[in-house]
K.L.:
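Could you have a look at this structure, given as structure tokens, before my questions?
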Protein chains: 2
Amino acid sequence: MAQEAKPKAVRGPRIDARRNRQRLLETAKATFAEKGEAAGLEEIARLAGVGIGTLYRHFPTRDALVEAVYRNETQQLAEAAAELATTHAPVEALRAWMRIFVDHIATKQLMAGVLGSIVGDCSDLYADAGTQIKTAMAMLVDRAVANGDIRLDLDPLDMLRALAGVASVSAGPNWEASAKRLVDILIAGVRTPGGEGQ
Amino acid sequence: MAQEAKPKAVRGPRIDARRNRQRLLETAKATFAEKGEAAGLEEIARLAGVGIGTLYRHFPTRDALVEAVYRNETQQLAEAAAELATTHAPVEALRAWMRIFVDHIATKQLMAGVLGSIVGDCSDLYADAGTQIKTAMAMLVDRAVANGDIRLDLDPLDMLRALAGVASVSAGPNWEASAKRLVDILIAGVRTPGGEGQ
DNA sequence: GGTATAAATGGAGGCCGTCTCCGTTTAAAT
DNA sequence: ATTTAAACGGAGACGGCCTCCATTTATACC
């Protein structure tokens, strides 16, 4: 007994496994960005130089792969929210973060799936990613509410739902202007009526 | 030569063809509503009592079938817009129409695809349906702008883009409340700042 | 170094979609 | 009744997602 006292009782993952997982993530991110989420998994495996079986060993379902790719993005987004909260006035931080959000959607076409699952309900795919995003948004909204800039009764989730709309615009040609207009409309829509004016 | 002078030179479609087309449309509408857009075409064909080949004869692609199903809905929506324009004040007509829109999305799960293609860009699928919706929205927005209720610089398409967001909420359990809140936020966001107050 | 062992690999094949092709059936014109 | 072309329908091609398992390979222990 008592092997558990040994610091390295558990065998870590093999280095080829770790390397293949990393290659798959990078390839998947690039391929999703280029061809949209419709990209085939077999192609991703081929581009990564591994077999399809290996891909499924690391990511048991298509959604698991997508979520893993997103985890990076959501991480960055959460950090950006924290940063903005310290450098901008509440309502401007909110606006800026929403714009960063749509920028992320712009460059990589990802994220729409995550958003859908956040604002949808039950499915636990993307659960982690969803939590990070929700937390970030709630923090920004709470700050703005506490400062009296926006409605008291605003559900942070509603802002995410609205962003999901902005996200679905991402196909169009000059859609970035539209996305910014929409963010502004949303911000204007949630401000307190008697506030410091637009 | 000169058969073309005859009024009925062109042979109309056979009655069994017309009947099967109608049955396919009804079955597709019911099946899409029940199982979402993921419903299989072979199942729809079977439920309609025709072969898969017949389905594809009438609707060459999956998208063609979906669009045909939607054409009905968009027709109703366009008529509702005209009606509301005569019975409500401009901005309230806009709000009411947007709510009707989300109700349509609620009862039948359709429409998300159409919206996506409207606010997206190029794809000419759903082209007709898109035009009807765009026209209806433009009419309502123009009326509200002319009345001085909402911003002059509002692109009607932006409102549709926003609605696309509301549409993507349709999965959740008590999503209707969210959808209504979002519509109200959008309306508040596009009102003129010094307007008659909310 | 050599060997045992379990983790990791990869691709053949199952399943289930969309869509095509073509021999057969059938409504309608004469 | 006969002719004709439109309409039918289902077998099967093709391409996705995902499973299974024989083979390969990194690591632990002599």
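Every heavy atom of this structure was used, including side-chain atoms; hydrogens, water molecules and symmetry mates were not. Below, chain A is the first sequence line, B the second, and so on; all start at residue 1.
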K.L.:
To the nearest angstrom, how far is I44(B) atom CD1 from dG17(C) atom C1'?
P.N.:
12 Å
K.L.:
Is there a donor and acceptor pair, one atom on the side chain of R14(A) and one on the base of dA8(C), closer than 3.5 Å?
P.N.:
no
K.L.:
For the residue pair L154(A) and I185(B), establish whether any side-chain heavy-atom pair is separated by less than 4.5 Å.
P.N.:
yes
K.L.:
Just the rounded figure in Å: distance from P of dG17(C) to CD of E43(B).
P.N.:
9 Å
K.L.:
Starting at CZ of R19(B) and ending at P of dA28(C), how long is that distance when rounded to a whole Å?
P.N.:
11 Å
K.L.:
If you take all heavy atoms of A48(A) and R23(A), which pair is closest and at what distance?
P.N.:
O-NE, 3.0 Å
K.L.:
Any chance you could lay out the salt bridge (charged side-chain N to carboxylate O under 4.0 Å, His left out) test for K29(A) and E26(A), step after step, and finish with the verdict?
P.N.:
CA-CA 5 Å; K29(A) 182 172 176 176; E26(A) 288 162 8; over 6 Å; no
K.L.:
Rounded to whole angstroms, how far apart are CD1 on I15(B) and P on dA29(C)?
P.N.:
11 Å
K.L.:
Does any N or O donor sit under 3.5 Å from an N or O acceptor when you compare the side chain of E42(A) with the base of dC18(D)?
P.N.:
yes
K.L.:
Between A68(B) and F59(B), what is the shortest heavy-atom contact and its length?
P.N.:
CB-CE2, 3.7 Å
K.L.:
Need to verify one output field. Residue with the more 5' nearest nucleotide on DNA chain D, P60(A) or D16(B)?
P.N.:
D16(B)
K.L.:
Taking only side-chain N and O atoms of N20(A), does any of them lie within less than 4.0 angstrom of OP1 or OP2 on dA8(C)?
P.N.:
no
K.L.:
To the nearest Å, how far apart are L55(A) CG and dT9(C) C1'?
P.N.:
12 Å
K.L.:
Just the rounded figure in Å: distance from P of dA7(D) to CD1 of I52(B).
P.N.:
18 Å
K.L.:
Separation of Y56(A) atom OH from dC17(D) atom P, in whole Å?
P.N.:
6 Å
K.L.:
On DNA chain C, check which nucleotide each of P13(B) and R57(B) is closest to and give me the residue with the more 5' one.
P.N.:
R57(B)
K.L.:
Are R46(B) and I52(B) close enough that some pair of their side-chain heavy atoms sits under 4.5 Å apart?
P.N.:
no
K.L.:
Atom CZ of R18(B) and atom C1' of dA28(C): how far apart are they, to the nearest Å?
P.N.:
14 Å
K.L.:
Does the side chain of H58(B) get closer than 4.0 angstrom to OP1 or OP2 of dA7(D) through an N or O atom?
P.N.:
no
K.L.:
T54(A) side chain N/O closer than 4.0 Å to the phosphate oxygens (OP1, OP2) of dG10(C)?
P.N.:
yes
K.L.:
Which residue lies toward the 5' end of DNA chain C, R62(B) or G53(B), if each is placed at its nearest nucleotide?
P.N.:
R62(B)
